[in-house]
Amino acid sequence: MIDLLNNALLYRFGGESLRIEPWGDNAVRVRAWKQVQMPAEDWALTEPHSAEAQIRETETGYSLTNGKLTVHLTRGGKLTAYNQNGKKLLEEYHRNRRDILDPNCSAIEVEAREFKPIPGGDYRLTARFESLNPKEKLYGMGQYQQPYLDLKGADLELAQRNSQVSVPFLLSSLGYGLLWNNPAVGRAVLGKNVMSFEAYATKGLDYWLVAGDTPREIETAYASVTGTVPMMPEYGLGFWQCKLRYQTQEELLSVAREYKRRGLPLDLIVIDFFHWPKQGEWKFDPTYWPDPKAMVKELQELGVELMVSIWPTVDRTSENFAEMQEKGYLVRCDRGMQRNQDFMGETLFYDATNPEARAFVWGKAKANYYDLGIRVFWLDEAEPEYTVYDFDNYRYYLGPNLQVGNLYPLDYARTFYDGMEAAGQQNIVNLLRCAWAGSQKYGALVWSGDIASSFRSLKNQLAAGLNMSLAGIPWWTTDIGGFHGGNPSDPAFRELFVRWFQWGAFLPVMRLHGDREPKQPQVGTTGGATCLSGAPNEVWSYGEAVYEICKKYLSLRESMRDYTRSLMAAAHEHGEPVMRPLFYEFPDDPTCWEVEDQYCYGPDYLVAPILEAGQRVRRVYLPRGASWTNLDTGETFPGGQWVDVPAPLDTMPVFTRG
C-alpha cells in the first residue's frame, strides 16, 4: 500500500514501512523500518530539508520528483531513480513475484531491503542495488589502505580502524551520489552484478540520494546537507613539524628556534603523546614540561602555533579513572575483562557519544591546555583503536558498538569543537586519525594513520586522500615519509622521504611526522618516559642534498599561501575538495576518468607524484580544454595529450593551468 503524505511517499507491506521525501536540492532521503515508529535520528543529515516535491501516480505506482531527481516506487515496493533526462541512475535489486510487471520478476525471492531479526534485538540489514553499467566508476567511501581510486568491484568493511576510515558517501560516474546514513558496523560490496550495503545491527534503513550533472554539483549538494569545514586558520596553510616524540620542553623549543634561525617557514610544531603523567590525566608532566605557559609564549613570539596530542584512553591508575567509571563515562565491555586497550597500561576509552563525558574531558583539556593558550589539538586514537577489534563486545552511551560505533570519531571531534566554540574560538581545526560523515563540520583534519614507510604505502595514500576528499572530508593529510620506520641516514629512505615531501607541499596540510630509527636514549624514568623517541625528523636530519630539496618545496608551499587560502575558502563556503581527481575539474574528458595517479590541487595545479623508487621520468596526462605550463621548466603544452616529463630527484612534475 502506498500513501501520499505531505511532500512524501509512504509504502507499507508485511510489517515494513518505507518513506521517501525530498531532502535538499535534487535529492531524496529514503528510510525503511519495521518498528512501530520511524527511527528519529538524523545521523549525518544535520541540515534541515526544505525542497518541495512533485508527486504523481503512474501505471505501476507513484513517482516523486525533486529537481533533477525522480524516484519511482512500484506498488510492489521497488525503488528506481532517474535524472532529469530520464536516465536510470539507481535501481533496487528486487527479485520476487510481487511485481509481475517488473522485467526482473523472479522466483529467486531476494529482497531489496532485507531485515533479518536479531534474536532479542533489532535487525541485520542489507540494502541491494542493481549494477546498471559495468563501466560505472565509484569513488569516495573514506580511506582504505589500497591503491585503487575507482572502487567498482571493491569489498569494503564499514568500520573504523587505525589507518582505515569509513565515511560512507559514494560518488558515481553515472551522475549520482549516495550517503549510507547509518553508523553501524557493516560492509559495502560494490560488485559488478549487485551493489549492497549491510549494517550488522540497526533499527532501520536510511540513505540519501542526489542527482547532479557534474561531480562538483554532487559534492557541493552533499556538503549542503551534512555541513562544511570551518575556514582554515592561517597556521594551517604552511608547514607543520612533528616527530615521535619530543621528550622535553627544551628539546621542542630548540627545534622551533632552529627553524627560525635557518630562516625556514614553520607554522606549527607538535607535542606528541605521553607528555602526560598517565593516560587519562590530560595535562603536562611537570618533570619534562616544567613551564608550559612560558613555552607557549615563546612559540607565539616565534610565530609558531603549538599542537598537543590528546588520547581518549584512561588508565585504571590515573587520577580520573574512578570518577569516570562511577559516572558511566567509559566505554563498556559486554563480556570478559573491562579493558579496551593495553598499550603502556590497562585502559578504557572515554565514551565520546556521552555528552556528559564530552564535557568532562573538555573541562580537563581546557584547564590544562587551552587556558595556557593552546588552540589546536591532535585527537589521536580516534577510531578508537581497540587492542582486539571485537566490535560486538563494546557498548557506548548511544548503544552497542555494532549499531553506532562508526560515530565515535565524529563525537570525539565534537568534544573539542563544541568546547572551543563555547570558549569563543573561531576557525577551529583539530587533527584526527579517523572520521565519519559530517565530521568535517566539527573542524576535523584527518590524517591517514600509522602507515608504513614505503613506496607501496605512498601510492596507497594518494588513492586514500582523493577518496576521502570525495567522501566529503576536504581537510586531509598524511605523515610525510610514512610513520613506521625509516632511517634518515639510509639513502633508500632518503629517496622515499624526498618524494613524499615533494608531494606533501600539495596536500591540504603539509605535515612532517614519523617514528624514525634508531630509537633515542630514554630521558627520565617516570611518567611516559618509557615511550621512547624516534630518531631526528627535521628537514636538516636527512643530509645536505635532501635539505636543499626540502627548502625548495617549503618555499614553494609558502609561495602558494594565498592560493591555498582560496581553496580553503571554497571548502568552507561550498564543500569543495582541496585535492581533486582530474575528472572533478574535467568531467567531459574521458581520459580524466581513467587516470588515478595524478590530481588537481584546486583548479590551477596539476600534480603528478613520483610513486616508485628510482623513477626519473614521469608520464603525465594533460587534460584537454586548457594549456599547461611545467612549473619547473616553464615549458607550455596544449592539453589533451600525454607527455614524458623529466623527474630528477629534486623535482616532482607539477603543471599550472592556463
Side-chain angles (χ1 to χ4, degrees), residues 1-94 96 98-105 111-113 115 127-130 132 172 174-182 197 204-213 217-218 221-222 224-226:
M1 180 178 69
I2 301 177
D3 291 333
L4 304 184
L5 302 177
N6 182 23
N7 210 34
L9 291 176
L10 180 65
Y11 167 83
R12 295 189 181 95
F13 182 85
E16 180 196 20
S17 297
L18 172 71
R19 180 185 176 94
I20 306 169
E21 60 188 308
W23 202 282
D25 295 338
N26 309 314
V28 297
R29 184 179 183 184
V30 179
R31 283 176 281 185
W33 64 97
K34 286 198 170 183
Q35 291 95 341
V36 175
Q37 293 182 328
M38 180 176 67
E41 296 86 359
D42 282 334
W43 303 125
L45 296 174
T46 56
E47 300 298 321
H49 62 291
S50 58
E52 289 295 323
Q54 297 176 351
I55 299 175
R56 63 184 182 87
E57 187 173 6
T58 70
E59 291 184 2
T60 56
Y62 285 87
S63 68
L64 182 151
T65 299
N66 177 21
K68 297 179 179 180
L69 180 66
T70 294
V71 174
H72 182 259
L73 183 66
T74 68
R75 291 183 175 86
K78 177 179 176 178
L79 182 152
T80 307
Y82 304 85
N83 70 6
Q84 74 274 23
N85 300 317
K87 175 185 174 183
K88 189 183 292 185
L89 301 177
L90 193 70
E91 179 180 10
E92 287 187 324
Y93 183 92
H94 185 76
N96 62 42
R98 291 205 307 272
D99 265 327
I100 60 173
L101 298 179
D102 187 342
N104 290 321
C105 177
E111 294 291 333
R113 303 178 299 274
F115 288 82
R128 300 183 178 93
F129 302 94
E130 302 279 358
L132 297 175
S172 168
L174 298 184
Y176 70 86
L178 187 148
L179 168 67
W180 180 246
N181 192 34
N182 190 321
F197 291 84
L205 175 143
D206 191 343
Y207 65 87
W208 179 82
L209 180 68
V210 63
D213 295 332
E217 185 178 6
I218 293 169
Y222 172 52
S224 74
V225 297
T226 58

Beyond-backbone contact of Arg19 with Leu5, side-chain heavy atoms, under 4.5 angstrom: yes
Value for OH (Tyr11) from CG (Asp3), rounded to nearest 0.5 Å, stands at 12.0 Å
Short side-chain to backbone donor-acceptor contact, Arg128 and Glu111, under 3.5 Å: yes
Report yes if the side chains of Leu178 and Ser172 come closer than 4.5 Å at any heavy-atom pair, otherwise no. no
Does some side-chain heavy atom of Leu73 sit less than 4.5 Å from a side-chain heavy atom of Leu64? no
Within the 4.5 Å heavy-atom criterion, are Leu90 and Thr80 side-chain neighbours or not? no
How many angstroms lie between OH in Tyr62 and NE2 in His72, if you round to the nearest 0.5 Å? 10.5 Å
Closest contact, heavy atoms only, Glu92 versus Ala112: CB-CB, 3.6 Å
Less than 4.5 Å apart, any side-chain heavy atom of Lys68 and any of Asn83? no
Could you report the tightest heavy-atom contact between Gly24 and Asn66, atom names first, then the distance? O-ND2, 2.8 Å
Hey, is CD on Gln35 packed in by over 12 heavy atoms from elsewhere, all under 6.0 Å? yes
Charged N-O contact under 4.0 Å between Arg75 and Glu57: yes
Any non-hydrogen side-chain atom of Glu52 less than 4.5 Å from a side-chain atom of Asn7? yes
Please name the residue in the list Val71, Leu205, Leu9, Leu209 that meets the side-chain contact (heavy atoms from CB on, under 4.5 Å) test with Val30. Leu205
Heavy-atom nearest pair, Lys78 first then Glu91, reads NZ-OE2, 2.5 Å
Thr70 and Ser63 have their tightest heavy-atom pair at CG2-CB, 4.0 Å
Option among Trp43, Phe129, Phe197 that satisfies the ring-ring contact (aromatic ring centres under 6.0 Å, His included) test with Tyr207: Phe129
Apply the test side chain to side chain contact (heavy atoms under 4.5 Å, CB included) to residues Thr226 and Leu45: give CA-CA distance (whole Å), side-chain angles for both, the deciding distance (0.1 Å), then the verdict. CA-CA 5 Å; Thr226 58; Leu45 296 174; 4.2 Å; yes
Which heavy atom in Ala32 sits nearest to a heavy atom in Arg113, and how many Å separate them? CB-CD, 4.2 Å
Taking the side chain as every heavy atom from C-beta outward, state whether Leu179 and Val225 have any atom pair closer than 4.5 Å. no
Specify the closest pair of heavy atoms between Leu89 and Ala211, including all atoms of both residues, with the distance to one decimal. CD1-CB, 3.8 Å
For the pair Lys88 and Glu130, find out whether any cationic side-chain nitrogen is under 4.0 Å from an anionic carboxylate oxygen. no
State, with a plain yes or no, whether a side-chain heavy atom of Arg29 is found less than 4.5 Å away from one of Asn181. yes
Could you verify whether a donor N or O on one side chain and an acceptor N or O on the other, from Gln84 and Asn26, lie under 3.5 Å apart? no
